[in-house]
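Everything on this sheet refers to the single structure shown next.
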Amino acid sequence: MDARVKLVASLALVVAVVTLRSPAALALALAGTGALLLASGLGPGRLLRRTLVVFPFGGLAGLALAFTTPGEPVLPLGPPAWGLAVIGAGARAALLVVLRVWAAVWAAGLFTATTRLDEALRGLRAIGMPALMTTLAALTVRYVPVASGEFQRMWRGRLARGFVPRGILHQPARSGLGALFGMLFLRSLDRSERLYRAMLARGLGHPARPVRAGPVALTHALAGAALVSFALGLFLWDRGWPW
Amino acid sequence: MVKPVIEVDGLGYAYPDGTWALRGLSLAVAAGSRLALLGPNGAGKSTLLLHLNGILLPASGRVRVLGTGVDKDTCLEIRRRVGLVFQDPDDQVFAPTVWEDVAFGPTNLGLPVDEVARRVEAALEAVGAVDLARRAPHRLSVGQKKRVAIAGVLAMRPDVILLDEPTASLDHAGSRAVLAILDRLNRQGTTLVMATHDVDLAAEWADTVAVMAGGRLVARGGPALLRDEALLARAGLRPPRVAEVFRRARGWRPRPCPMTVGQAVEALEALLAPGTAAGWNAGGKASE
């Protein structure tokens, strides 16, 4: 599907799911986005790994809510002197937070997990993201492996000359690591200078005509409209409309 | 001499730390030629290439490329007409996909979308990288990245292409592929200037050789220059390997040493052909 359509549909779904109030609507959102992700070729393993990122964030927030929301305690924990208990209303709020984050991650995954980087950047540019931001994102993705390769080579260079790392508490290891990061920074600075020159050499600075993206295919537009309708339907059902 | 496309006259340039990289260098490059800019590390080869592309501007002296003086008003136009392939393709190939990277130059020229697409496809075709179009550059081998870097320059349809150590870090197959592309471009009329310290490559590839040392031009001429051991030693270079073999064979003197594998094969075939008496004996005395 066209990245622009996916981006808009995915955004609509994210906005819709974070406003849902009923677990049933959130469960439906999860079922729908999960089915779409599986249908798009994302295997159950990758889907599960994406889901795991929910818990450090949503889980912690939910945990705090479960104990701090005002209401009746339903499950005391530890000795009574601690005064620690799960609150009924807090447990419901925690469940909603976790489900919302989960559904939002899956809804965003409809775009991020199924779109190549270049298409994603084009999509972002098409909906108005400044070129500077998309270029920075592209350069980061492109040069992280290059910087990581340089770091590995320098690290191996140390190992090859008898350096034995003994954990982060080991002073020579700490200072060596600091020196490596410093060197990596300087090399990256040099590389950025060379990259800029290479861009100049290919005409950076000419008043270029912006490349216009082609039209969205009708089938893609219809599929996108269906996804936006699903998001809207979820929202209306959650609010009890039209019944 | 054919009309020069590049004229450098008394070019001087110092880096911001005060190091003089070029000291009054003068050089002319004929249209359609394959010039090897030979010199050791630090001779100023890369700095000279940056001047020929208009990225650096002369601190003293002047540079004319395709009849246009290089200055701050003309440097953008010069960059359109003179392509520069950098030594490390990771410094040049930066976009998320090969296709987008090759399209970078033509897009900067403000060409219509269709024309950009046509140029990208033609450039990828020319370097045999059509199948890489949708690949991410960081997933490519060094040889593939080098070919993509050349395609990025070809897509701008330059009259002159400058190459900084184009075969550095390439394996034999990668080097051969790059040199084949350069041969084809040169046959189509593109002037090529290659900075290298590889004397064997210069002997095999170039029709003109310019030897640099310490930011100055030491000599310029045909590949026969590479037989001048004193000149090469002055520039911190060695003679071509093939020439070294024949130079050490005492019986070969005073004939000019072959410098390329092809010349060596011809010489040896002439030497060993039945009925000829061109060989030399083990004592170093040439047969009559």
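The analysis underlying the following values was restricted to heavy atoms, covering all of them including side chains, and did not include hydrogens, waters or symmetry mates.
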Heavy-atom closest pair (M156(B) atom, G203(A) atom, distance to 0.1 Å) is CE-N, 4.1 Å
Item to complete: Mind listing the closest non-hydrogen atom pair of Y143(A) and V93(B) along with its distance?
Response: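 Minimum heavy-atom separation between Y143(A) and V93(B): OH-O, 3.6 Å.
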When the 4.5 angstrom heavy-atom criterion is applied to Y196(A) and chain B, the contacting part is neither
One should read off an interatomic distance between M199(A) CE and I55(B) CD1, to the nearest 0.5 angstrom, of 12.0 Å
So CG of L50(B) and CZ of R194(A): to nearest 0.5 Å the spacing works out to 11.5 Å
Open item on the list: I'd like to know which of V146(A), L121(A), L200(A) tops the heavy-atom pair count under 4.5 Å against chain B.
Closed with: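 Between V146(A), L121(A), L200(A), the count favours L200(A).
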Practice item. Step through the shown structure and confirm whether more than 12 heavy atoms of other residues, nucleotides or ligands are within 6.0 Å of CD on E125(B). Key: no
Exercise. Return yes when atom CZ of F185(A) has more than 12 non-hydrogen atoms of other residues, nucleotides or ligands closer than 6.0 Å, and no otherwise.
Key: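 No.
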| said: With a 3.5 Å distance limit and no angle check, can you tell me whether N108(B) reaches the backbone of R202(A) through a side-chain donor-acceptor pair? | reply: yes
Original post:
Could you walk me through whether R191(A) and D88(B) pass the salt bridge (Lys or Arg N to Asp or Glu O under 4.0 Å) check?
Top reply: CA-CA 10 Å; R191(A) 186 180 292 282; D88(B) 182 351; 3.2 Å; yes
Next on the checklist: If you count heavy-atom pairs within less than 4.5 Å of chain A, which of G152(B), A155(B), A103(B), P158(B) leads?
Outcome noted: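 That would be G152(B).
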Most heavy-atom pairs under 4.5 Å with chain A, out of T97(B), V153(B), I78(B), L84(B), belong to T97(B)
What part of [X] gets within 4.5 angstrom of chain A, counting heavy atoms only: side chain, backbone, both, or neither?
X: Q92(B); answer: both
X: L56(B); answer: side chain
X: D164(B); answer: neither

I'd like to know if D90(B) pairs up with R142(A) as an ion pair, taking the criterion as any Lys NZ or Arg NE/NH1/NH2 lying under 4.0 Å from an Asp or Glu carboxylate oxygen. yes
Taking the side chain as every heavy atom from C-beta outward, state whether D118(A) and R134(B) have any pair of such atoms under 4.5 Å apart.
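Yes - at least one pair of side-chain heavy atoms lies under 4.5 Å apart.
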Do F86(B) and L195(A) make a side-chain contact, defined as non-hydrogen atoms from C-beta onward lying under 4.5 Å apart? no
task = Pull out the residues in residues 26-39 of chain A that come under 4.5 Å of chain B, heavy atom to heavy atom, sorted by number.
result =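 At a heavy-atom separation under 4.5 Å, chain B is reached by no residue of residues 26-39 of chain A.
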